[in-house]
Amino acid sequence: METQLRPEVTEEAQQWLTGDLDAINQRVISICTEEAEKKHLPVNKLRLSVKRSWEDEFSELLLQVFVEANFPQSLALWDAIGASIQRWGE
């Protein structure tokens with residue numbers, strides 16, 4: 001049974017969520033929660049914000065996934081999410 005978690009979204013990040021970028025964000029969130037579920041790691045919270053470079057040359061959306069996991073489990077989840085996003089991108 002999948003519970004749909006809704007991310008906390010900062011006001012600045014909300015301004016980015018239009019058109020294709022919103023659809024991409026929704027798919028990435030889905031991938032993250034699916035991979036966590038496969039690994040039996042409860043997702044406590046999702047947070048979407050904007051990260052700026054030190055030089056303020058660029059900004060990017062940042063999705064934080066908070067799970068109940070130890071360090072090795074977290075790394076395994078990170079790898080699984082990366083692989084799944086790469087497959088999706090291909």
Side-chain angles (χ1 to χ4, degrees):
M1 181 172 87
E2 184 179 322
T3 303
Q4 189 69 347
L5 268 178
R6 300 194 56 68
E8 295 175 7
V9 181
T10 65
E11 187 175 324
E12 187 176 19
Q14 185 64 48
Q15 296 171 9
W16 288 49
L17 297 178
T18 59
D20 289 342
L21 194 52
D22 186 40
I24 291 167
N25 177 60
Q26 292 304 317
R27 183 63 186 128
V28 169
I29 288 172
S30 178
I31 288 170
C32 291
T33 56
E34 288 168 8
E35 291 300 332
E37 186 175 298
K38 286 179 190 176
K39 297 198 172 302
H40 307 286
L41 299 174
V43 177
N44 293 330
K45 180 170 57 170
L46 299 166
R47 180 184 302 143
L48 189 65
S49 60
V50 175
K51 177 185 172 191
R52 298 188 183 285
S53 70
W54 289 103
E55 301 82 20
D56 212 25
E57 293 176 2
F58 65 90
S59 300
E60 59 191 5
L61 281 175
L62 173 67
L63 175 65
Q64 294 173 283
V65 180
F66 297 85
V67 295
E68 293 181 26
N70 60 34
F71 188 68
Q73 291 170 319
S74 297
L75 288 179
L77 177 59
W78 176 261
D79 289 341
I81 289 170
S84 187
I85 288 173
Q86 184 172 357
R87 282 192 302 276
W88 172 61
E90 292 171 353

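All residue numbers in this chain count up from 1 along the given sequence. We use all heavy atoms of the structure for the numbers below, so side chains are in, but hydrogens, waters and symmetry mates are not.
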Take Cys32 and Val43 through the test side chain to side chain contact (heavy atoms under 4.5 Å, CB included) and record every step on the way to the result. CA-CA 9 Å; Cys32 291; Val43 177; over 6 Å; no
Do you know which two heavy atoms are closest between Asn44 and Val67, and how far apart they sit? ND2-C, 4.3 Å
Transitive ILVMFWY cluster of Phe71 at side-chain heavy atoms under 4.5 Å: who else is in it? Leu75
Can you list everything that forms a side chain to side chain contact (heavy atoms under 4.5 Å, CB included) with Thr18? Sequence neighbours excluded, please. none
Are Ile81 and Leu62 linked, directly or through intermediate hydrophobic residues, by side-chain heavy-atom contacts shorter than 4.5 Å (ILVMFWY only)? no
For a quick test of reading the model, state the closest non-hydrogen atom pair linking Leu48 to Ala13 and the distance between them. O-CB, 3.7 Å
Short side-chain to backbone donor-acceptor contact, Ser84 and Ala80, under 3.5 Å: no
Rounded distance [0.5 Å steps], CD in Glu34 versus CD1 in Ile29: 12.0 Å
Any salt bridge (Lys or Arg N to Asp or Glu O under 4.0 Å) pairs touching residues 61-88, not counting sequence neighbours? none
By side chain to side chain contact (heavy atoms under 4.5 Å, CB included), which residues pair with Lys45, not counting sequence neighbours? Glu8, Arg47, Phe66
Minimal non-hydrogen separation, Leu77 against Glu35, with atom names: CD1-C, 3.7 Å
Using side chain to side chain contact (heavy atoms under 4.5 Å, CB included) as the criterion, list what pairs up with Glu90, not counting sequence neighbours. Gln86
Does CH2 in Trp88 sit with more than 12 non-hydrogen atoms of other residues, nucleotides or ligands closer than 6.0 Å? yes
If two hydrophobic side chains count as joined below 4.5 Å and joins carry through other members, does Leu63 share a cluster with Ile24? yes
Could you note down all residue pairs passing salt bridge (Lys or Arg N to Asp or Glu O under 4.0 Å) where residues 12-23 supplies at least one of them, sequence neighbours left out? Glu12-Arg52
Compare every heavy atom of Ala69 with every heavy atom of Leu41, then report the nearest pair and how far apart it is. CD2-CB, 3.8 Å
